[in-house]
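Bear in mind the structure is a predicted one, so any value in this text is a computation, not a measurement. Every heavy atom of this structure was used, including side-chain atoms; hydrogens, water molecules and symmetry mates were not.
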Amino acid sequence: MEEERGDKPTQELPQISLEKLLDTTTDILLILNSQGEVSFINQKGCELLDYAKNEILGKNWFECFLPKRLRKKVSNVFKSLIKGEIRKYHLYVNPILTRNKEERLIEWHNSLIRDRQGQIIGTLSSGMDVTEQRRTQEDLQKRESYLQAIIMSAPIIIFNLDRKGRLTLLEGKGLDQLKIKP
């Protein structure tokens with residue numbers, strides 16, 4: 001009957017492993033066991049760290065992939081999570097260290113992994129590299145501060161009117177000469 005209506009028979013989807021599916025995401029996916037050892041990392045995580053998967057699995061995340069100055073602090077937060085001492089654990093931002101010692105800033109979304117008895121046995125984390133985004137924000141803030149300094153020190157008056165003729169900006173050293181305060 002399907003052929004009479006012009007419908008095509010439904011094609012079966014190929015079997016896809018969960019690991020292959022997780023490797024297609026653009027975020028880092030990371031599972032740490034209760035000792036902080038890497039139980040799983042997807043392809044994106046391997047690419048960002050510049051290590052093969054077998055060079056990462058089983059390694060202590062904090063000792064091998066975090067800058068030395070942060071290892072103890074981040075490890076202590078992890079231990080508190082595993083003990084159930086921290087309730088708000090969802091979002092953290094911290095750098096990771098690549099093979100060539102470059103720091104990449106990662107925004108982590110975390111959740112706890114529990115066994116059937118409800119005991120915390122690890123964490124599942126999804127991380128997005130926000131390094132370039134943060135650098136761009138910092139550059140824009142520096143430029144804004146620089147322009148603000150120029151405006152405030154310029155021996156002129158700078159003003160802006162909106163479409164209705166309302167004054168929206170009045171700045172500059174020239175205001176001192178007019179004895180007008182904005």
Side-chain angles (χ1 to χ4, degrees), residues 21-32 36 38 40-51 56 61-113 123-182:
L21 181 64
L22 296 176
D23 280 344
T24 63
T25 184
T26 57
D27 288 345
I28 302 167
L29 294 176
L30 177 70
I31 296 176
L32 300 180
V38 180
F40 174 83
I41 189 162
N42 68 341
Q43 188 60 36
K44 179 63 176 185
C46 295
E47 289 169 5
L48 190 64
L49 290 167
D50 194 26
Y51 286 98
I56 299 171
W61 178 254
F62 309 101
E63 292 299 318
C64 297
F65 305 106
L66 293 185
K68 199 170 194 172
R69 71 182 186 282
L70 297 174
R71 289 176 186 165
K72 187 172 184 170
K73 179 183 176 186
V74 178
S75 178
N76 286 339
V77 170
F78 177 80
K79 289 173 186 173
S80 294
L81 280 172
I82 294 298
K83 290 178 185 175
E85 297 171 347
I86 297 177
R87 298 281 181 233
K88 293 188 177 189
Y89 53 83
H90 186 65
L91 179 66
Y92 290 101
V93 178
N94 67 274
I96 61 172
L97 205 53
T98 66
R99 180 187 292 272
N100 66 6
K101 307 300 181 209
E102 177 189 7
E103 288 189 18
R104 302 296 298 179
L105 192 61
I106 308 298
E107 182 178 277
W108 294 104
H109 295 270
N110 305 292
S111 62
L112 298 174
I113 301 172
T123 60
L124 169 62
S125 302
S126 170
M128 180 173 57
D129 185 354
V130 294
T131 307
E132 298 308 318
Q133 180 182 7
R134 291 287 174 101
R135 285 181 185 157
T136 300
Q137 287 173 342
E138 288 171 7
D139 287 347
L140 287 173
Q141 287 172 344
K142 285 177 187 175
R143 288 180 184 157
E144 184 178 324
S145 295
Y146 177 71
L147 289 173
Q148 186 68 24
I150 289 173
I151 288 171
M152 296 306 289
S153 63
I156 58 173
I157 298 173
I158 298 173
F159 68 94
N160 187 57
L161 301 175
D162 68 11
R163 290 180 183 197
K164 294 184 178 179
R166 294 179 292 207
L167 188 63
T168 60
L169 174 71
L170 182 61
E171 295 286 349
K173 274 280 203 214
L175 292 173
D176 294 343
Q177 294 170 353
L178 296 176
K179 298 185 182 179
I180 298 174
K181 297 197 178 195

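- Atoms CZ and CD1, on R104 and I28 in that order, are 9.5 Å from each other to the nearest 0.5 Å.
- Considering only heavy atoms from C-beta on, V77 comes within 4.5 Å of I86 through its side chain.
- R143 has its side chain out of reach of E138: every pair of non-hydrogen atoms, C-beta onward, lies at least 4.5 Å apart.
- Distance check, rounded to the nearest 0.5 Å: OH of Y51 to OG1 of T98 gives 7.5 Å.
- Side-chain atoms of Y92 and I106, non-hydrogen and from C-beta on, never get closer than 4.5 Å to each other.
- We find the CG-CG distance between D27 and L29 to be 6.5 Å, quoted to the nearest 0.5 Å.
- Atom CD in E107 sits 12.5 Å away from atom OG in S125 (nearest 0.5 Å).
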Given F78 and V74, is the side chain to side chain contact (heavy atoms under 4.5 Å, CB included) satisfied, shown in steps? CA-CA 6 Å; F78 177 80; V74 178; 5.7 Å; no
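- Salt bridge status for E144 with K142: absent, with no side-chain N to carboxylate O gap under 4.0 Å.
- Between T168 and L161 the shortest side-chain heavy-atom distance does not fall below 4.5 Å.
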CA sep, side-chain torsions, deciding dist, call: V93, L105, side chain to side chain contact (heavy atoms under 4.5 Å, CB included): CA-CA 7 Å; V93 178; L105 192 61; 3.7 Å; yes
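- Side-chain contact annotation: N110 with T123, donor-acceptor N/O pair under 3.5 Å absent.
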L49 vs I56, side chain to side chain contact (heavy atoms under 4.5 Å, CB included): CA-CA, chis, key distance, verdict: CA-CA 9 Å; L49 290 167; I56 299 171; 3.8 Å; yes
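- Note that CD of Q133 and CE of M128 are 6.0 Å apart. Values are rounded to the nearest 0.5 Å.
- A salt bridge between E63 and K68 is absent, with no side-chain N of the basic residue lying under 4.0 Å from a carboxylate O of the acidic one.
- Side-chain contact between R69 and P95: present, with at least one pair of heavy atoms (C-beta onward) separated by less than 4.5 Å.
- Remark: T131 OG1 to E103 CD distance equals 9.0 Å, nearest 0.5 Å.
- For the pair N42 and F40, the tightest heavy-atom approach, listed with the atom from each and the gap, is N-CE2, 3.6 Å.
- Side-chain contact check for I41 versus F65: every heavy-atom pair is 4.5 Å or farther apart.
- Contact of the F159 side chain with the L167 side chain is registered, since non-hydrogen atoms from C-beta on lie closer than 4.5 Å.
- Side chains of L30 and L32 form a contact here, defined as non-hydrogen atoms less than 4.5 Å apart.
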Might you work through the side chain to side chain contact (heavy atoms under 4.5 Å, CB included) test for I96 and L48, ending with a clear yes or no? CA-CA 9 Å; I96 61 172; L48 190 64; 3.8 Å; yes
